[in-house]
Amino acid sequence: MSQPVDSVVSAVRTYIEQHRAAFLDDLAEWLRIPSVSAQPDHGPDVRRSADWLAAKLKETGFPTAEVWETPGAPAVFAEWPAADPAAPTVLVYGHHDVQPAAREDGWDSDPFEPVVRDNRLYARGAADDKGQVLFHTLGVRAHLATTGRSAPAVHLKLLIEGEEESGSPHFRALVEEHAQRLAADAVIVSDTGMWAEDTPTVCTGMRGLAECEIRLYGPDQDIHSGSFGGAVPNPATAAARLVAALHDEHARVAVPGFYDGIVELTERERELFAELPFDEEQWLRTAKSHATHGEAGHTTLERVWARPTAEVNGIGGGYQGPGSKTIVPSSAMVKLSFRLVAGQDPGHIEKAVRAWATEQVPAGIRQEITFAAATRPCLTPLDHPALQSVVRAMGRAFDQPVRFTREGGSGPAADLQEVLGAPVLFLGISVPSDGWHAPNEKVELDLLLKGVETAAYLWGDLAEHWSHAP
C-alpha cells in the first residue's frame with residue numbers, strides 16, 4: 001500500500017535535506033569548470049565539463065552515460081530504463097555550456113568560483129543551466145529512495161547540449177543522427193524559469209524565429225544628389241519605405257500570408273495570462289522603455305508570448321559621418337527578425353517575406369535577401385496529460401497552485417519536438433532576478449531544491465497518469 005501523500009512529501013524532503021550539502025558541493029565543482037562554448041580558448045573546458053557530467057550521471061546510477069561528439073562542442077547522453085517495459089519514455093534536455101564571464105564585467109566575485117550569500121549561489125551557470133540540469137540527479141535519487149524502486153518509474157533519458165550558448169549550430173543534426181536512441185514520448189526542458197519566487201509557473205510554449213538581411217543596391221557608386229537626385233531611385237529611401245510598409249496602422253504585420261495557420265489563443269489561455277501578477281510599469285522599467293506598443297487587441301503578455309512579430313533589428317545606408325555629404329547612396333540594408341507562434345511554418349514565412357519585399361522595391365533597385373537558419377515554434381496544449389503531471393509535481397513541491405506562462409524567446413526545444421515527434425514540456429525554477437547572461441548570475445537555493453523535489457515526484461506521476469500509447 002502506498003504512503004499517504006503527506007508522508008511521501010515528508011520522506012522526499014527529508015531525503016533531499018540529508019543530501020543537500022553533497023549535492024551543492026557537486027554543483028560547485030561543476031561550476032568551477034569555465035565551459036564557455038563561444039570562446040575557442042575554452043574548448044578544453046567544455047569537453048572537461050561534458051566528461052565531468054557523464055561521470056556524475058554514472059555515479060548517480062545511470063547505466064548508460066556517454067559523451068557525444070559534434071563538429072563543435074560535445075553533448076552528454078544518459079539513459080536509465082524503467083523496470084516496466086510499458087512505462088513512458090521521457091527525455092530531459094538542458095545544456096552544460098555557459099556564457100562568457102569575467103570579474104571585470106561587474107561581478108562581485110570570481111564568476112567561476114561559486115560563493116553562497118544570503119542563501120543564493122552565485123556563479124556563471126548557477127541557473128543557466130548547470131543548476132537546473134544537476135537537480136535531476138538528486139531528484140531521481142530521491143524518487144528511488146522514497147518509492148523503494150531500483151529504477152525510475154519511466155524510461156529516463158538525458159540530452160545535455162554543449163553549444164546552446166553559441167546558437168546550437170550542430171544540435172538539430174545531432175538529434176537527427178541519434179533520433180532512434182533519443183526517441184521519447186515527452187521531452188522535459190529544464191532550461192527555463194518561473195514567473196517569481198512566490199508564483200510557481202509552467203511554461204507551455206516558445207516562439208520560433210526567422211531572421212533575414214535585405215540589401216538594396218541602386219547606383220553603382222555613391223552619386224551627387226544635386227546632379228542625379230530625384231531622377232534615379234535611392235536605395236536608402238527604398239529601405240525606409242520597406243520598413244514603413246512592414247506593419248499596418250494596428251501594428252499587425254502587413255506581409256501577405258504572414259498569419260496563415262497560426263494557433264490563436266483560447267479564451268481560457270487569455271484568462272490564465274490575466275491571472276498573473278503582472279505590473280506593466282515595472283515591466284517597462286525592466287525593458288528600459290517608456291510606453292507599451294504592439295498589435296491592437298492584445299495585452300502586453302499576449303504580445304510577447306503568443307503573437308507573431310516582425311522587428312527591425314537594424315537599418316542603414318548612405319553617409320553616416322559628421323556634417324553632410326549630399327549623395328544618393330549606392331546601397332542600403334535592413335535586418336529583420338520574425339518571432340513565430342504555433343502553426344506558422346518558417347519556410348512559408350521566408351517565401352512570404354521574399355514576395356512582399358520584391359513587391360515593395362521599386363524598379364532600378366536590386367535586392368538580395370539572405371535568411372539565417374530558422375527555429376520552429378513549439379506549444380503544448382493545456383490539457384495534455386504529461387503537462388498535467390508536471391503541474392501536479394510542481395504544485396506538490398511548492399504547496400500552492402501552479403500558473404501558466406509562455407516564453408517569448410526561441411530555443412532548440414522545437415528541434416526535439418519536430419524530429420522526435422514528442423510534446424515539449426518545461427520544468428524550470430529560475431526567476432528573473434537570477435541574471436542569466438549578466439554579471440552576478442545566481443540561483444535561489446530554496447528554489448533549486450524545489451526543482452529537485454518536483455523531479456522526485458514527476459516520474460512516478462507520469463507513469464501513473466499518462467499512457468503514451470497513440
Side-chain angles (χ1 to χ4, degrees), residues 26-27 29-40 42-57 62 65-78 90-101 111-112 123-137 139 157-175 177-178 182 184 187-193 203 206 209 373 375 378 407 409-417 419-420 424-430 434-438 441 443 448 451 455:
D26 286 342
L27 178 56
E29 182 179 326
W30 195 19
L31 292 169
R32 291 189 182 100
I33 302 175
S35 50
V36 181
S37 62
Q39 296 177 339
H42 283 293
D45 295 315
V46 180
R47 178 164 298 280
R48 187 157 55 99
S49 172
D51 290 338
W52 185 96
L53 178 58
K56 183 58 58 177
L57 292 172
F62 282 83
E66 303 168 354
V67 175
W68 282 359
E69 300 298 335
T70 78
V76 176
F77 171 77
V90 181
L91 174 68
V92 173
Y93 167 84
H95 63 90
H96 67 93
D97 63 319
V98 299
Q99 281 279 312
F112 295 105
R124 175 60 88 221
D128 180 24
D129 185 34
K130 288 180 176 177
Q132 299 200 93
V133 167
L134 202 66
F135 76 55
H136 285 286
T137 61
K157 301 178 181 181
L158 273 69
L159 178 61
I160 311 303
E161 186 187 359
E163 296 183 309
E164 194 275 343
E165 300 292 9
S166 299
S168 302
H170 305 105
F171 183 70
R172 185 181 179 94
L174 180 73
V175 175
E177 178 185 355
H178 297 284
L182 293 171
V187 176
I188 301 288
V189 174
S190 284
D191 183 25
T192 184
C203 176
M206 297 183 74
L209 176 64
T375 300
C378 61
E407 172 58 58
S410 308
D415 287 330
L416 291 166
Q417 177 177 269
V419 175
L420 303 180
V424 172
L425 315 164
F426 297 85
L427 171 56
I429 49 73
S430 185
D434 284 346
W436 290 25
H437 299 196
E441 178 186 345
V443 67
L448 186 63

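The analysis underlying the following values was restricted to heavy atoms, covering all of them including side chains, and did not include hydrogens, waters or symmetry mates. Numbers here are sequence positions counted from 1.
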Next item on the list: Taking atom types as modelled, find out whether Ser168 and Glu161 have a side-chain donor-acceptor pair closer than 3.5 angstrom.
Entry: yes
Item checked: Spacing of CG belonging to Asp434 relative to CD belonging to Glu441, to within rounding of 0.5 Å -> 7.5 Å
Check: What distance separates Leu425 CG from Gln417 CD, expressed to the nearest 0.5 Å?
Finding: 9.5 Å
Check: Counting only N and O atoms by type, is there a donor-acceptor contact under 3.5 Å from the side chain of Lys56 to the main-chain atoms of Asp26?
Finding: no
Check: Is Lys130 paired with Glu29 through a side-chain N to carboxylate O contact shorter than 4.0 Å?
Finding: no
Check: How close do Ala126 and Leu31 get, heavy atom to heavy atom, and via which atoms?
Finding: N-CD2, 3.6 Å
Next item on the list: Provide the closest heavy-atom pair for Leu57 versus Ala78 in the form atom of the first, atom of the second, distance.
Entry: CD1-CB, 3.7 Å
Margin query: Let me confirm one number: the CD-CG distance from Glu163 to Leu174, rounded to the nearest 0.5 Å.
Written below: 9.0 Å
Check: Can you check whether Val133's main-chain N or O pairs, donor with acceptor, with Ser190's side chain at less than 3.5 Å?
Finding: no
Margin query: For a side chain to side chain contact (heavy atoms under 4.5 Å, CB included) check, start with the C-alpha distance between Asp128 and Val98, then their side-chain angles and the critical distance, and finish with the verdict.
Written below: CA-CA 7 Å; Asp128 180 24; Val98 299; over 6 Å; no
Notebook entry, point to check: For His95, does its backbone N or O pair with a side-chain atom of Asp129 as donor and acceptor, under 3.5 Å?
Noted result: yes
Item checked: Val419 vs Leu182 side-chain heavy atoms within contact, under 4.5 Å -> no
Next item on the list: Measure across Leu159 and Ala75 and return the closest heavy-atom pair with its distance rounded to 0.1 Å.
Entry: CD1-CB, 4.3 Å
Note to self: Rounded at 0.5 Å granularity, tell me how far OG1 in Thr192 sits from OH in Tyr93.
What the structure shows: 12.0 Å
Notebook entry, point to check: What is the minimum heavy-atom distance between Ala38 and Ser166, and which atoms define it?
Noted result: N-OG, 3.3 Å
Notebook entry, point to check: Going through the distances and angles, do Asp45 and Arg48 end up as a salt bridge (Lys or Arg N to Asp or Glu O under 4.0 Å)?
Noted result: CA-CA 5 Å; Asp45 295 315; Arg48 187 157 55 99; 3.0 Å; yes
Next item on the list: Please answer whether the main-chain N or O of Pro74 pairs with a side-chain N or O of His96 as donor and acceptor at a distance below 3.5 Å.
Entry: yes
Item checked: Between CG on residue Leu91 and CG on residue Leu158, distance to nearest 0.5 Å -> 7.5 Å
Next item on the list: Over 60° means perpendicular and under 30° means parallel, so classify the ring planes of His42 and Phe112, tilted if in between.
Entry: tilted
Next item on the list: Measure across Cys378 and Phe426 and return the closest heavy-atom pair with its distance rounded to 0.1 Å.
Entry: SG-CZ, 4.0 Å
Next item on the list: Work out which heavy atom in Arg124 is nearest to a heavy atom in Pro100; give both atom names and the distance.
Entry: NH2-O, 3.2 Å
Check: Taking Asp97 for the side chain and Glu165 for the main chain, is one N or O donor matched with an acceptor at less than 3.5 Å?
Finding: yes
Margin query: So, taking the atom named CZ in Phe171 and the one named CG in Leu416, what distance separates them when rounded to the nearest 0.5 Å?
Written below: 4.0 Å
Margin query: Checking side-chain polar atoms at under 3.5 Å, does Trp68 have a donor or acceptor matched by the opposite partner on Glu177?
Written below: no
Notebook entry, point to check: Just by distance, do the side chain of Gln132 and the backbone of Ile429 share a donor-acceptor pair under 3.5 Å?
Noted result: yes
Note to self: Is the shortest side-chain heavy-atom distance between Arg47 and Glu69 below 4.5 Å?
What the structure shows: yes
